[in-house]
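Just so it is clear, the model here is predicted, and its values are computed rather than measured. Atoms within a ligand are numbered from 1 in the order they appear, just like the ligands themselves.
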Amino acid sequence: MRAPFRVVVITGASSGLGASLASAYAAPQVVLGLIGRSRERLEAVAAACTGRGAQVYSEAIDVADATVMAEWLTDFDRNNPVELLVANAGISAGIEDGAGYESPETTTRQIEVNLLGSVNTVAPLLPGLCARRRGQIALIASVAGLRGLPYSPGYCASKAGVRAYGEALRPLLEPQGVGVSVVCPGFFTSRMTDRWEGPTPFLVSGERAARRIKRGIDQARRRIAFPFPLVVGMRFCDLAPAALGDEILRRFRFRIRSA
Ligand SMILES: NC(=O)c1ccc[n+]([C@@H]2O[C@H](COP(=O)([O-])OP(=O)(O)OC[C@H]3O[C@@H](n4cnc5c(N)ncnc54)[C@H](OP(=O)(O)O)[C@@H]3O)[C@@H](O)[C@H]2O)c1
């Protein structure tokens, strides 16, 4: 389904990309359902969207909580049939200071929030979307989902999972009238990127990334991946002999400070 969208749900709407998309979709006659963790930040975004004329329902929910997500989303969808769903909430982490590997808790939490959180966002709305035979789902993965990076195994695993989930849903749902956009952005400025210590090739502003992603979603593009050189680089490392890909990516050293 292409824009305009009259009912939009966005997770991770309390900051960064999610907040920018919420503000961009906010307009008179638009209903927004916004989910995040920090109630304070979420209320500030909701107030800004209300100021732009949208009707806003916001709720502080952990996307990893499947039961609460399903309850809130099905209730919202019953009253406001969803047209666009953006599964954007995400966290990042990596190798802890002084450790040679990521702790199991860190890996697991990223998979719970990023991957299972996306499933918890999409799955409860599928019956309604498919029954109505209209709507668009956007899943925010990452270029880190194109090939594993040695210093953030859990993040890469979670984003590869989001990408594969979206790519599987896309041909499955299309004949049922529901479109899927799989989004693989490179670096953009945000609170998440503020904790990144290391090179950030082709970094763009959060606003610019949000504009590009919104344009792709509005056109119902199946894949939104940028910047081109980073996408090609990651694809090359994936297709190259494993030893060569490993050697190149091992040189791309970075550290993600804890939140
Ligand atoms: N920044 C980049 O360079 C980059 C590149 C590629 C992909 N991405 C992806 O883009 C998405 C947005 O990231 P961002 O850069 O805009 O970071 P951000 O500013 O940190 O925003 C992350 C959002 O997700 C929410 N969130 C985190 N854990 C949650 C949970 N358990 N339940 C509900 N909401 C939760 C946060 O809520 P609170 O504000 O309340 O904590 C926040 O609204 C993420 O999926 C990220 O992986 C980012």
Item to check | Any F5 side-chain heavy atom under 4.5 Å of V30 side chain | outcome: no
Checklist entry - Measuring from L17:CG to N88:CG, what's the distance to the nearest 0.5 Å? => result 4.5 Å
Checklist entry - So, does E112 use its side chain to make a donor-acceptor pair with the main chain of G117 at under 3.5 Å? => result no
Checklist entry - Does the gap between the ring centers of F226 and F228 come in under 6.0 Å? => result no
Checklist entry - Can you pull the residues with any heavy atom under 4.0 Å from ligand 1? => result G12, A13, S14, S15, G16, L17, G36, R37, S38, R41, I61, D62, V63, N88, A89, G90, I91, R109, V113, I140, A141, S142, Y155, K159, P185, G186, F187, F188, S190, R191, M192, T193
Next on the checklist: Between D97 and R255, does any side-chain N to carboxylate O distance fall below 4.0 Å?
Outcome noted: yes
Would you be so kind as to tabulate the donor-acceptor pairs closer than 3.5 Å made by side chains of residues 153-164, with sequence neighbours excluded?
from : atom 1 : to   : atom 2 : distance (Å)
S158 : OG     : N114 : ND2    : 3.1
S158 : OG     : G154 : O      : 3.3
S158 : OG     : Y155 : O      : 2.7
K159 : NZ     : I140 : O      : 3.0
R163 : NE     : G145 : O      : 3.0
R163 : NH1    : E167 : OE1    : 3.4
R163 : NH1    : E167 : OE2    : 3.3

